[in-house]
> 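Take a look at the following structure, please.
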Amino acid sequence: MRSHGRTDRSAAQDGIELRLVDNHEMAQLGNLTFPAHVTAFSEALSEGSQMRPFRLAAIDKGNPIGLALATMYMDSGQAELRSLVVAKDHRNAGTGRSLLLEIETRLRDAGCKDVSARFSDRLPGAGSLASLLVGTGWSAPEPERIRILGRVGKTSEVFRD
């Protein structure tokens, strides 16, 4: 599914810190995204790379409780929300919304012109993510037919462009 978003500003919830994390911190956040994203977002940028990763964590009392991952192509200003996960015990409290709005702001501040999201409607949280996107001003997700031949672990290689 694909959605096009808007950018907006949001404050973090009381007691929840939203902060960018670097590639070395991804191993500590692995439970908040897919293994392929942990690997891809842990890699150092190659010199001259036009693709910039954004890693935004929600931290509550020193514990990571949410993670939003996005990539942006600096030459075109096109960005994609790759992952947005909130730990089960912290859902439905506004953390996902705060992460989404803050990562949109960070992308806009970096020169983003358009941000999209692709996700499977077969994932357990797909309905919640779609509702969150629509509730924050994104267009309703549109079904997209994507067929991957090969191991799921190779997904980042399939979608690298």
> Which atom names give the shortest non-hydrogen contact between L18 and L99, and what distance separates them?
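For L18 versus L99, the nearest heavy atoms are CD2-CD2, 3.8 Å.
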
> Rounded to the nearest 0.5 Å, how far does CD of E80 lie from CG of D114?
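Here the interatomic distance stands at 10.5 Å.
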
> Work out which heavy atom in L32 is nearest to a heavy atom in A87; give both atom names and the distance.
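Heavy atoms of L32 and A87 come nearest at CD2-N, 3.9 Å.
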
> In this structure, would V86 and F119 fall into the same cluster of hydrophobic residues linked by side-chain contacts under 4.5 Å?
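Yes, V86 connects to F119 through the hydrophobic network.
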
> Heavy-atom distance under 4.5 Å between the side chains of T33 and F41, does that happen here?
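Not touching, per the 4.5 Å side-chain cut-off.
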
> Determine whether F54 and L132 fall in the same hydrophobic cluster, where Ile, Leu, Val, Met, Phe, Trp and Tyr are linked whenever their side-chain heavy atoms lie under 4.5 Å apart.
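Same cluster.
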
> Can you tell me how far CZ of R55 sits from CD1 of I103, rounded to the nearest 0.5 angstrom?
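Spacing of CD1 (I103) from CZ (R55) equals 10.0 Å.
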
> Looking at every non-hydrogen atom in both residues, tell me the closest pair between A57 and V21 and how far apart they are.
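Looking at all heavy atoms of both residues, the shortest contact is CB-CG1, 3.8 Å.
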
> Could you check whether any side-chain heavy atom of W138 comes within less than 4.5 Å of a side-chain heavy atom of V115, counting everything from C-beta outward?
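In contact.
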
> Given the rule in the side chain to side chain contact (heavy atoms under 4.5 Å, CB included) test, do N23 and E43 qualify, once you have shown the distances and angles that lead to the verdict?
CA-CA 6 Å; N23 60 316; E43 295 175 2; over 6 Å; no

> Return the CZ to CZ distance between R118 and R82, rounded to the nearest 0.5 Å.
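The CZ atom of R82 is 8.0 Å from CZ of R118, to the nearest 0.5 Å.
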
> Could you go through L67 and M26, starting from their C-alpha distance and side-chain angles, then the distance that decides it, and tell me whether this counts as side chain to side chain contact (heavy atoms under 4.5 Å, CB included)?
CA-CA 10 Å; L67 181 65; M26 282 302 296; 4.1 Å; yes

> Can you tell me how far the CD atom of E17 sits from the NZ atom of K61, to the nearest 0.5 Å?
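Going from the CD atom of E17 to the NZ atom of K61 covers 13.5 Å.
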
> According to a 4.5 Å side-chain heavy-atom criterion applied to Ile, Leu, Val, Met, Phe, Trp and Tyr, with indirect links allowed, do I59 and L20 form part of one hydrophobic cluster?
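Not linked; separate clusters.
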
> What pair of heavy atoms forms the shortest contact from S139 to V134, and how long is it?
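Of all heavy-atom pairs spanning S139 and V134, the closest is O-CG2, 4.3 Å.
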
> Which value, rounded to the nearest 0.5 Å, describes the distance between S42 atom OG and Q28 atom CD?
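So the OG of S42 and the CD of Q28 are separated by 10.0 Å.
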
> Just checking N92: does its CG atom have more than 12 heavy atoms from other residues, nucleotides or ligands closer to it than 6.0 angstrom?
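It does not: N92 CG has 12 such atoms or fewer within range.
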
> So do the side chains of L45 and P53 get within less than 4.5 Å of each other, counting heavy atoms only?
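Yes, side chains in contact.
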
> Do L100 and L81 pass the side chain to side chain contact (heavy atoms under 4.5 Å, CB included) test, and can you show the C-alpha distance, the side-chain angles, and the key distance before you say yes or no?
CA-CA 9 Å; L100 179 60; L81 178 67; 3.9 Å; yes

> Is it the case that one hydrophobic cluster holds both L129 and L107, taking links as side-chain heavy atoms less than 4.5 Å apart, direct or via other members?
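Shared cluster, yes.
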
> Would you name the heavy atoms of M72 and A110 that are closest together and state the gap between them?
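In terms of heavy atoms, the two residues are closest at CE-O, 3.3 Å.
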
> Side chain of T95, backbone of R91: donor and acceptor closer than 3.5 Å?
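No, T95 side chain to R91 backbone: no donor-acceptor pair under 3.5 Å.
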
> Taking only Lys NZ, Arg NE, NH1 and NH2, and the carboxylate oxygens of Asp or Glu, determine whether R108 and E104 approach each other closer than 4.0 Å.
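Answer for the salt bridge query: no.
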
> To the nearest 0.5 angstrom, please state how far the NZ atom of K88 sits from the CD1 atom of I65.
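Rounded to the nearest 0.5 Å, the NZ-CD1 separation comes out at 16.0 Å.
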
> Should L56 and M74 be counted in the same cluster of Ile, Leu, Val, Met, Phe, Trp and Tyr side chains packed under 4.5 Å apart?
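Yes; tracing contacts between hydrophobic side chains, which count when under 4.5 Å, links both residues.
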
> Look at the side chain of T136 and the backbone N and O of L133, then say whether any donor-acceptor pair between them is shorter than 3.5 Å.
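Yes: the side chain of T136 pairs with the backbone of L133.
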
